[in-house]
There are 2 protein chains.
Amino acid sequence: MSSGYKTQTKDINVISGNIVAPEGFYAAGAHIGIKRKRKDLTLIKSEIPATAAGVFTLNAIKAPPVLWNQGHIHNKIRGIIINSGVANSCTGKTGTKNAELMAQIYAECINAHKDEVLVSSTGVIGVQLPMDKIEHGIKNLSPALDRTDESAENAALGILTTDKFIKEIAVEIEIGGKTVKIGAIAKGSGMIHPNMATMLAFITTDIDIDRDLLQKALKETVDDSYNMISIDGDTSTNDMVIVLANARAGNTPVNSENENYHKFKKALEHVNLYLAKQIIMDGEGATRFIEVEVKGTATKNDAKSIAKSIINSNLFKTAMFGADANWGRIMCAAGYSGVKFDYTKSSVGFSSNAGSFNTLTCGEPVGFDEDEALKILKEREIKVTLTLEEGGAQAAAWGCDLSYEYVRINGEYRT
Amino acid sequence: MSSGYKTQTKDINVISGNIVAPEGFYAAGAHIGIKRKRKDLTLIKSEIPATAAGVFTLNAIKAPPVLWNQGHIHNKIRGIIINSGVANSCTGKTGTKNAELMAQIYAECINAHKDEVLVSSTGVIGVQLPMDKIEHGIKNLSPALDRTDESAENAALGILTTDKFIKEIAVEIEIGGKTVKIGAIAKGSGMIHPNMATMLAFITTDIDIDRDLLQKALKETVDDSYNMISIDGDTSTNDMVIVLANARAGNTPVNSENENYHKFKKALEHVNLYLAKQIIMDGEGATRFIEVEVKGTATKNDAKSIAKSIINSNLFKTAMFGADANWGRIMCAAGYSGVKFDYTKSSVGFSSNAGSFNTLTCGEPVGFDEDEALKILKEREIKVTLTLEEGGAQAAAWGCDLSYEYVRINGEYRT
């Protein structure tokens, strides 16, 4: 099991770097007074207009920044402005104006047009943005846009809400003799229960790639990463993943689904999977990282549905918090996933760095040593494997346990 | 807002009574050693064969007792045997045999055939029933079957798991000059998160009614009661609601959907709604009873979907635990319910015995006094109203908050 460490993969070189690793990108972050103390404004800039692609929340209520971006994602983009602390969601007509105003103010600072700027907000719903602070903040922070590690770290900090650590990664690949880089930052779910996660990720890359292919690679890698910690359709009002590609690497343009496209897509998948797992690692109150692997289903979608049903079960999550091998809750959640299967042919096992044990084999419960099980489940990283006999497909989902701390954080969040 | 007190309703007389209130029914309950201390076996008997109807879990994994009952619910029924502590679910071939064996042992004790006995189990999944204790228990307890309040209370206790109090009610109505009674007991969700509730209810009545009509009345009243605290398809492996009607009231048989049918159905609805709300009141770790009312939707199903989405939101539930008027979480959950609506025309308000306040009016946030809001939300019973402008339908769902205590109970349940 990989818990998302920056492991090296064939053809993908994980480098020491961040959102400004790709050529031609600048970043900055600061505290401008939306939150009490922590940084709450992030600016990202491409020195030349970049091709953009995005994946947005499926929530019926889309916050004004989401709607703004959906209307502008097909444009060439010069920058992204993100604030944390206030989500600018359910904010009526004022909220719609404020999202546009944020784009306009930032655009002026970087000699761009507002239509070349994307906007993102995260935080409390239903509160208006303090536009005076934001205007001041943008104007003060723009001159600090830079390619240093410090400016990138500030940018990574500015998008966080209840996250305990920054989430960033940079990788490089070679395309036709040219080095192509990808850098990214993400904002944690802020919530342990994936179907209410507010999730943001911003990705920069200097690859030269066709827009439709960029969108396709993004969509597909998001489906197998963030969407396996966050259920389609069950997303917050502000979720988004955006990638900007400014072509500064000078590679032969990627215009078809050729070898180079797949190389890039694989690197993008590495980035997204790493950040998705980091988000879980930083789940509110999380004490355990859990991988649920479902094998032997008729289709990959079946495996995904079952894995997500299990990882979302409060009862399963509290059992994991208690290091309790209560595998019945796994079967119960699999059973109400909506996927039909013959449970009399299914098997369940747990594993961690401390060992492994089975609890169900072909539908029959098997005895296990409770002390040994406790030792295995007390590890920080736990893997659950459910094996069916319905076919050859499989999938994994990732999540964390449900702890007292989760209740504390979310009972007090707004106040 | 009614939190489920035994309020009198026109034509429905709530009487001091229980599962043995209807003529010809007997009950008993005892501790037989499945659980450590609390009662864990309940017997219900009808002195003459009764017409039976049932609603069962939609979970793909159905515990052996559920499968047994589905195969026998069309028979005339003499008794129901229920154990708590072990769910007899995911127990392979042994579990299937044990469910049948329970029916057989009890049938012999009451001079019935095993095909005239229904079976129910609740508790831990994946553990085999201690059949020696159960056989002994049934044989020892059967002679205690009685129509006293004490025997009925023991029966109400025997079906509980983590419930803190028994749930029972009895009502009477008049049908063509004859008094018809309904008595019922229920087992609490045991879990605060409705979509994983294990819910049992057993209803007795002395009405003379056609089986198909009994099934119809049960199904429809379950949909508006238990199913508004428990999502269709997202039920445990053991959920069931069973009603036995033994015709001892001597009323003119109810053979069509006439006035008498509707009178009975209304009384049955009263019983089921009362028990459903009692289940919420007893939710694990619950400190607040919450009613979510959704108005102004195109269809009743839309209102139900939105109300259930809100009441199931961990973030909303933790906010309620913290007495935090974080109405954004209500909008967010409504938004991912799958129902499309124009949020710019929606309104949100909170109320309790201490007063009421609005937070959103026609899509625009409205200011409210935080101190006043805190006072209102610190009450034990809270009502949330979401009003849309999509049509004239409405529905309500009921739930409770998510507390530290929930995590404690469910992190330690099996051990």
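Proteins get letters first, then strands, A, B, ... in listed order; numbering begins at 1 in each. Values reported hereafter were calculated over all heavy atoms of this structure, with side chains retained and with hydrogens, waters and symmetry mates removed. Owing to the predicted nature of the structure, the values given are computational and were not obtained by experimental measurement.
- Rounded to the nearest 0.5 angstrom, Asn59(A) CG and Tyr343(B) OH are separated by 11.0 Å.
- For the pair Lys93(B) and Glu364(A), the tightest heavy-atom approach, listed with the atom from each and the gap, is N-OE2, 3.1 Å.
- Among the candidates Cys90(A), Ala60(A), Gly92(A), the residue making the largest number of heavy-atom pairs closer than 4.5 Å to chain B is Cys90(A).
- Shown here for Cys332(A) and Ser236(B), the closest heavy-atom pair between the two residues is SG-CA, 3.8 Å.
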Applying side-chain contact (heavy atoms from CB on, under 4.5 Å), run through Phe341(A) and Ile61(B) and close with a yes or a no.
CA-CA 8 Å; Phe341(A) 63 91; Ile61(B) 301 176; 3.9 Å; yes
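- Interface remark: Val339(B) contributes backbone atoms only to the contact with chain A (heavy atom separation under 4.5 Å).
- With sequence neighbours left out, the salt bridge (charged side-chain N to carboxylate O under 4.0 Å, His left out) criterion links Glu100(B) to Lys114(B).
- Remark: Glu372(B) engages Lys375(B) in a salt bridge (charged side-chain N to carboxylate O under 4.0 Å, His left out) (not counting sequence neighbours).
- When all heavy atoms of Pro365(B) and Gly126(A) are compared, the closest pair comes out as CB-O, 3.5 Å.
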